[in-house]
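None of these values were measured; they are calculated from a predicted model. Numbered from 1 within each chain, the chains take letters A, B, ... in sequence-line order.
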Protein chains: 2
Amino acid sequence: MNLDQRQADVLFTVVKSYIQSGLPVGSRTVARKSNLNLSPASIRNIMADLTEESYIEQPHTSAGRVPTAKGFRYYLDSKLDMEPLPREIEQKIKSSLAKVGPDLPRTLSQASKLLSSISNQISLVITPSHQNIRWKHIDFILLRPGLVMSILVMEGGMVQNKVISVDRDIMTDDLIKFSNYLNEHYQGKTLLQVRVSIYEQMKIAQRQFNQLYQSALRLARESFEPENNRQVYVDGTHYLFQDTDLANLSKMREVFKLLEERSKLLKLLDQTLESKSLSIILGQEQDWEELSDYTVISSPYSLKGDNIGMVSIIGPTRMNYSRIIPAVDLTARILSQILHDIYEYKNHEGLA
Amino acid sequence: MNLDQRQADVLFTVVKSYIQSGLPVGSRTVARKSNLNLSPASIRNIMADLTEESYIEQPHTSAGRVPTAKGFRYYLDSKLDMEPLPREIEQKIKSSLAKVGPDLPRTLSQASKLLSSISNQISLVITPSHQNIRWKHIDFILLRPGLVMSILVMEGGMVQNKVISVDRDIMTDDLIKFSNYLNEHYQGKTLLQVRVSIYEQMKIAQRQFNQLYQSALRLARESFEPENNRQVYVDGTHYLFQDTDLANLSKMREVFKLLEERSKLLKLLDQTLESKSLSIILGQEQDWEELSDYTVISSPYSLKGDNIGMVSIIGPTRMNYSRIIPAVDLTARILSQILHDIYEYKNHEGLA
DNA sequence: ATTAGCACTCTTAACCTAAGAGTGCTAATG
DNA sequence: CATTAGCACTCTTAGGTTAAGAGTGCTAAT
């Protein structure tokens, strides 16, 4: 069902006013704030319709209306009046991130700090999946007989390390041979590409009986395995305490629980990784009971056209979307730009 | 001023009852709960004295008494009735940590999770200062001309990496020479020891004009520099929402702010790193206005007699000390034990 | 189609009151 | 002389009542 112009106008006014005040919105207020020039009585009729279609609802008989999830969704799906971020904020982000230097983890961490402080909401920045990134160098270090640490340096300065158990008769010299081999033959490929190669070789190797060769492959396979170690940089958790009352205390607690369960969190954010652009998850809509009353706004950052990670904020459903959406969007864009620069060796003349 | 037996008894009863109920404690209650066999009237006299000396205080005229920071401190400084942790919990910690394998970061992270879940409080585990740990291997990787990543693997599997800018004419082959040299000559020393050596060599080198040699030293110096990268594993933040009302909301918010300001947090915990054993910081006592009403219990974990890191919890001042102190203490002990095992190559026959 | 008017509902804040918890003091007690 | 019973007093809290006010939906007038 679509809304006609007047209905949409009323709905938008209700949403905006509710975002601003957090209070149920009455017909009087809508009459004043909208530019429809209708009397409250007429507005009431329209609001009755909107309630019928459950875009808005009444907390109780004599209260004004509050937008439902459906109402918010309609508001968000319509092109809305974004306030473009002031130039100086954009500059601040750029310069602040440039200062960090060509170090991806620090860049992401800093981006998270910036985003939370300009949005006044909890920010999340998730590290890239390593799968589609090329790697630069691999090293195996014998921690002690039977135990090896593999260190995989990705372009952009991400490092992935892993402790791997191996046959006890593998020596440092063997490890050096392995790593030399891998560095020579596979360097510059993505992890995914390497994995495919290795699996092929393993099939062949099974027919041979070269023990050492098989060990090498096993070691390589483990090192390049898709690691479950994507990190999430979380900042600004204290913003969740903005205008809160006892009622949402238990809901806030759920948010904090969610933030600590990284696997759940990743699942939530992965939902949106596929979408090409900014996406909004309304907790009430989905079956994320942890997020009722909260909304997640995410925007992917990309490298060479692939979305590899996410920039997000978590805030109350009644947050100031016009301000925050551009903030998330811009942060993701700048991050993509900087990533591009790091990977293309541009604009970064080293650290101070 | 010291308390006599009876005064101490009354104070303890007040503290315990307050911890249990969170409510001001009246003379009736003390008369019942203490084993003094005195009438409420007599208790009232004693409580008046304790109030005089400000061990306890009255929220208002007709209310019972609440322990002050001084009262809590007296309670904590006296040897108190610890409930030793049940055997099975100790076992659970040990086995759960053993399962992680000889990987220090993961071990610490897991320890933090365990501690928060058995204490029902926010837990903090701070990673070791690398300064007094021996290192195993160093590697330099040329990210691109003029930019090197150094990777320093410590015993126990900590990795410290850093992006360092260098002269543009340093090549991969040079880097290999550098790292070989360092690995041969300094391996097995602590970072602190290496730094001292390097500074000495730099003094000598200044008089020479071997450009390459000087570069190598600069690179080494940066790599072994005391990094500001001690991490803190935080878990169980949602426990802060236990029995909370609007009054402490703003205080809770301060705690969350503190948790995100890692530098402040480290300063707080470093206070206690020197003390040989478990220590308790009452927020009200110190000038940590972020922590009024909260208390930090910390216990250091050690390697070869040196305290290298901390295990802590943050909880309300009225928490169950008898249960939680042993939990913190035990976790730190087990961690020390496991560290010892990792470093001595004992008890760890690799991963599954 | 729009709106003024109106009766109705429900929440909220303010006020009052009674109950109850706890105190400190005094005088009695063993 | 330490202890305790008794009591008047204070202050908080919960409950109940009330009045104000916000907002509604309906009806009838424009």
Side-chain angles (χ1 to χ4, degrees), chain A residues 3-11 13-18 20-68 71 243 245-248, chain B residues 3-11 13-18 20-68 71 243 245-248:
Chain A
L3 303 181
D4 65 31
Q5 186 56 43
R6 270 195 354 191
Q7 290 173 316
D9 266 12
V10 170
L11 175 56
T13 309
V14 170
V15 171
K16 281 184 211 164
S17 170
Y18 178 70
Q20 209 197 347
S21 69
L23 268 29
V25 186
S27 51
R28 247 188 99 78
T29 314
V30 175
R32 239 186 317 108
K33 289 204 180 183
S34 78
N35 39 16
L36 284 166
N37 274 351
L38 286 178
S39 74
S42 309
I43 300 287
R44 279 205 284 282
N45 288 325
I46 302 173
M47 287 170 84
D49 295 346
L50 289 171
T51 307
E52 182 71 23
E53 299 288 335
S54 69
Y55 287 94
I56 53 183
E57 64 189 1
Q58 274 179 296
H60 53 83
T61 4
S62 75
R65 305 301 213 285
V66 164
T68 61
D243 47 44
D245 52 75
L246 273 184
N248 3 28
Chain B
L3 302 181
D4 65 30
Q5 185 57 45
R6 269 192 358 190
Q7 289 174 316
D9 266 12
V10 170
L11 175 57
T13 310
V14 170
V15 170
K16 280 185 213 166
S17 170
Y18 178 69
Q20 209 197 348
S21 69
L23 269 29
V25 186
S27 52
R28 247 188 100 80
T29 314
V30 176
R32 240 189 314 107
K33 288 206 181 180
S34 77
N35 38 17
L36 284 166
N37 274 352
L38 287 178
S39 75
S42 310
I43 299 287
R44 277 205 284 283
N45 288 326
I46 302 173
M47 286 170 83
D49 295 347
L50 289 171
T51 306
E52 182 71 22
E53 299 289 334
S54 70
Y55 286 94
I56 54 182
E57 63 189 1
Q58 285 184 91
H60 54 82
T61 4
S62 76
R65 306 299 214 284
V66 164
T68 61
D243 46 43
D245 51 75
L246 274 185
N248 3 28

S.K.: Checking base pairs now: Watson-Crick or wobble, both atom distances under 3.5 Å. What partners C:dA28?
M.R.: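 When the pairing criteria are applied, D:dT3 turns out to be the nucleotide that pairs with C:dA28.
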S.K.: Just so I know, are the side chains of B:I56 and B:V66 near enough to count as touching, which here means a heavy-atom distance under 4.5 Å?
M.R.: no
S.K.: Quick check for you: to the nearest 0.5 Å, what is the distance between A:R44 atom CZ and A:S39 atom OG?
M.R.: 7.5 Å
S.K.: Is B:H60 close to B:S62 at the side-chain level, that is, under 4.5 Å between some pair of heavy atoms?
M.R.: yes
S.K.: With a 3.5 Å cut-off and sequence neighbours excluded, list the donor-acceptor pairs that the side chains of residues 29-38 of chain A form with protein atoms.
M.R.:
from	atom 1	to	atom 2	distance (Å)
A:K33	NZ	A:Q20	OE1	3.1
A:S34	OG	A:V30	O	3.1
A:S34	OG	A:L36	N	3.4

S.K.: Can you tell me how far CD1 of A:I43 sits from OG1 of A:T13, rounded to the nearest 0.5 angstrom?
M.R.: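 With rounding to 0.5 Å, OG1 (A:T13) is 7.5 Å from CD1 (A:I43).
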S.K.: At a heavy-atom distance below 4.0 Å, which nucleotide of DNA chain C is the first touched by chain A, and which is the last?
M.R.: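 Range of nucleotides within reach of chain A: C:dT2 to C:dT11.
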S.K.: Evaluate the side-chain proximity of B:V10 to B:R6: yes if any heavy-atom separation is below 4.5 Å, no if none is.
M.R.: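 Side chain of B:R6 against side chain of B:V10, heavy atoms only: no contact under 4.5 Å found.
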S.K.: Mind checking the OH-CG spacing from A:Y55 to A:D49? Nearest 0.5 Å is all I need.
M.R.: 11.5 Å
S.K.: So which nucleotide does D:dG23 pair with, by the Watson-Crick or G-U wobble rule with both distances under 3.5 Å?
M.R.: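 Because both required distances fall under 3.5 Å, D:dG23 counts as paired with C:dC8.
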S.K.: Considering only heavy atoms from C-beta outward, does the side chain of B:Q58 approach that of B:P24 to under 4.5 Å?
M.R.: no
S.K.: On DNA chain D, compare the nucleotides closest to B:T61 and A:S27; which residue's is nearer the 5' end?
M.R.: B:T61
S.K.: Mind listing the residues from residues 32-46 of chain B sitting with a heavy atom below 4.0 Å of DNA chain D? Number order is fine.
M.R.: B:L38, B:S39, B:A41, B:S42, B:R44, B:N45
S.K.: Tell which nucleotide pairs with D:dG15, taking only Watson-Crick or G-U wobble pairs whose two distances are both under 3.5 angstrom.
M.R.: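 For D:dG15, the partner nucleotide comes out as C:dC16, under the 3.5 Å rule.
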